[in-house]
There are 2 protein chains.
Amino acid sequence: MAKIKAFRNGTKKDAITQKAAGLFRRKGFASSSMRELADIIGVEASSLYNHIGSKSEILQTICFKVATEFNTHLQQVQGSGKDTLNKLENLIRFHIHMMLDSYDEVFVANHEWKQLPEPYLGNFLEQRKTYENSLIEIVSIGVKKEEIKNIHPYVAVLTILSAVRGLEFWHRQKKNLAVEALENDMVNHLLKGLTK
Amino acid sequence: MAKIKAFRNGTKKDAITQKAAGLFRRKGFASSSMRELADIIGVEASSLYNHIGSKSEILQTICFKVATEFNTHLQQVQGSGKDTLNKLENLIRFHIHMMLDSYDEVFVANHEWKQLPEPYLGNFLEQRKTYENSLIEIVSIGVKKEEIKNIHPYVAVLTILSAVRGLEFWHRQKKNLAVEALENDMVNHLLKGLTK
DNA sequence: GTACAAAACTAACGCTTATTAGTTTTTTTA
DNA sequence: TAAAAAAACTAATAAGCGTTAGTTTTGTAC
């Protein structure tokens, strides 16, 4: 009779969620079974239900935890009073760090949100839209204040978000490139494309 | 008793595959059932098996059709004798056109290749790797010939591929931006980042 | 040690899945 | 028009799914 090991400062539900994030990333949410997850943890599938409500609830937990982290950081940036380029650099670096530090969770939130049931799906998409619009607004203000060059804000935001998301393909590359070097290269490249 | 409608110059298998690509894009491969696909086509699920071998075979057809199109175009570019920037522009434009013209298929190949069974999975990944390495080689030669600035070829290729892939989020946007304008903006932006 | 709660277990449920077998209908060929 | 081939149908199969019920074991507190 194996036991679920909780982490330092974490509940057993947290441990299950973390293992699930890894499994969902590797195989996809719909192709991952509760029995498979239980195997990884070293327990029977039914035992998981002492700690979680449902398979879907695990996905919800992952997706909204990631969304909340991004939104919290965004609000912090919005209230910082820094100039546009500083705000964007802060946001880009946060995206990169999230991708590197919480790879599984960010990957799952990016790829598996479609599997959320309503009303969670609508809620999640609304948060994404709001986040995207906030970034567009930041770029727009920068253009108006002439802090950055006159580009279409939507294209700029699309480019930035696509670029940082591309890091998921880089991940696991041995060490041709140091993390800090890649981070600085990407920040410089993305910001340089915005300066006048 | 409904019938499967084949297209101009297409077999019924092609019609099934095309409808499947749309379904798989919207719901994901694992979450799409053969009954659902049959419903969309207007036929019983078992009738599909007169034309296809299995659900997995449909995914294989989609993924390798896309891979072959990209590889064929790449070989054409490699043998063109043009300079580095011309080659890269050609490749970037092809990626954009593929994303716009064969949205469902490209999306499915990008998102659902993990669900391929061996040996198809290994084959697919090998083709992707080879494709990526060929792009890196093109950039490397450009750097060596001093046709483009001295950047890390891997980072350049990662940036280009991430950017064009980001177009899948843009798709379905009403018409804030004309297709040609977006295409030219993206090409210019990506190539400008490479010039000395 | 005894009582209580937490968390594991076994066993099963009802449902959905991809797929097959066998049959009937439709279309093509001669 | 009759025979042959293509493609639809109905019905069923075995396997896997998430989840629940009921029971037993484990850990905690007096």
Side-chain angles (χ1 to χ4, degrees), chain A residues 1-21 23-24 26-63 108 112 114-118 120-121, chain B residues 1-21 23-24 26-63 108 112 114-118 120-121:
Chain A
M1 195 182 274
K3 296 294 304 289
I4 299 175
K5 280 185 202 153
F7 295 108
R8 13 70 196 167
N9 299 338
T11 66
K12 297 181 181 184
K13 178 170 175 173
D14 292 335
I16 293 172
T17 304
Q18 200 215 45
K19 290 286 189 185
L23 178 62
F24 294 169
R26 292 191 300 275
K27 305 199 41 172
F29 175 75
S31 298
S32 303
S33 76
M34 294 301 283
R35 285 168 174 83
E36 205 170 358
L37 175 58
D39 266 355
I40 289 171
I41 294 174
V43 94
E44 291 297 319
S46 59
S47 303
L48 297 174
Y49 288 84
N50 286 317
H51 306 284
I52 56 138
S54 66
K55 184 189 180 189
S56 181
E57 191 205 67
I58 300 177
L59 181 62
Q60 292 159 33
T61 301
I62 295 170
C63 289
V108 169
E112 304 294 339
K114 279 187 186 179
Q115 311 292 335
L116 289 171
E118 292 292 358
Y120 305 100
L121 177 59
Chain B
M1 195 181 277
K3 295 295 303 290
I4 298 175
K5 280 184 203 152
F7 295 108
R8 11 72 198 168
N9 298 339
T11 67
K12 296 182 182 184
K13 178 171 176 174
D14 292 336
I16 293 172
T17 304
Q18 199 215 46
K19 291 285 189 185
L23 178 62
F24 294 169
R26 291 192 301 275
K27 306 201 38 173
F29 174 74
S31 298
S32 302
S33 76
M34 294 300 282
R35 287 167 174 82
E36 206 170 356
L37 175 58
D39 266 355
I40 290 170
I41 294 173
V43 94
E44 291 298 317
S46 58
S47 303
L48 297 174
Y49 288 84
N50 285 318
H51 306 282
I52 56 137
S54 67
K55 185 189 178 189
S56 181
E57 190 204 69
I58 300 177
L59 182 63
Q60 292 161 31
T61 301
I62 295 170
C63 290
V108 168
E112 305 293 338
K114 280 187 186 178
Q115 311 294 335
L116 289 171
E118 292 291 358
Y120 305 100
L121 177 60

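Order of the sequence lines sets the chain letters (A, B, ...), proteins ahead of strands, with each chain counted from 1.
For C:dA6, neither phosphate oxygen OP1 nor OP2 lies less than 4.0 angstrom from any side-chain nitrogen or oxygen of A:His51. Side-chain nitrogen and oxygen atoms of B:Lys55 include none within less than 4.0 Å of the OP1 or OP2 phosphate oxygen of C:dT19.
If A:Ser54 and B:Ser46 are placed on DNA chain D by their nearest nucleotide, the residue sitting closer to the 5' end is B:Ser46.
Remark: A:Leu121 engages A:Trp113, A:Leu116, A:Glu118, A:Leu125 in a side chain to side chain contact (heavy atoms under 4.5 Å, CB included) (not counting sequence neighbours). Under the side-chain hydrogen bond (donor to acceptor under 3.5 Å, both in side chains) criterion, A:Lys55 pairs with no residue, sequence neighbours left out. With sequence neighbours left out, the side chain to side chain contact (heavy atoms under 4.5 Å, CB included) criterion links A:Glu112 to A:Phe29, A:Leu59, A:Val108, A:Gln115. By the salt bridge (charged side-chain N to carboxylate O under 4.0 Å, His left out) test, B:Lys114 pairs with no residue at all, sequence neighbours left out.
Listed by first then second residue, pairs satisfying salt bridge (Lys or Arg N to Asp or Glu O under 4.0 Å) with a partner in residues 27-53 of chain A read A:Lys27-A:Glu36, not counting sequence neighbours.
A:Phe29 has its CZ atom 13 Å from the P atom of D:dC17, to the nearest Å. If you measure from atom CD1 of A:Ile52 to atom P of D:dT19, you get 7 Å, rounded to the nearest angstrom. Put simply, NZ on A:Lys13 is 13 Å from P on C:dA7, counting in whole angstrom units. To the nearest angstrom, P of D:dT20 lies 17 Å from CD of A:Glu44. We find that CG of A:Asn50 is positioned 12 Å from C1' of D:dT20, with the value rounded to whole Å. The distance from atom OH of A:Tyr49 to atom C1' of C:dA12 is 15 Å, rounded to the nearest whole Å. When the C1' atom of D:dG18 is taken as reference, atom CD of A:Glu57 falls 14 Å away, rounded to whole Å. Atom pair B:Leu48:CG and D:dA7:P shows a separation of 13 Å (rounding to whole Å applied).
Listed by residue number, the members of residues 30-39 of chain A with any heavy atom below 4.0 angstrom from DNA chain C are A:Arg35.
Going from atom CD1 of B:Ile40 over to atom CG of B:Leu23 covers 4.5 Å, rounded to the nearest 0.5 Å. Distance check: B:Met34 CE to B:Ile52 CD1 gives 3.5 Å after rounding to the nearest 0.5 Å.
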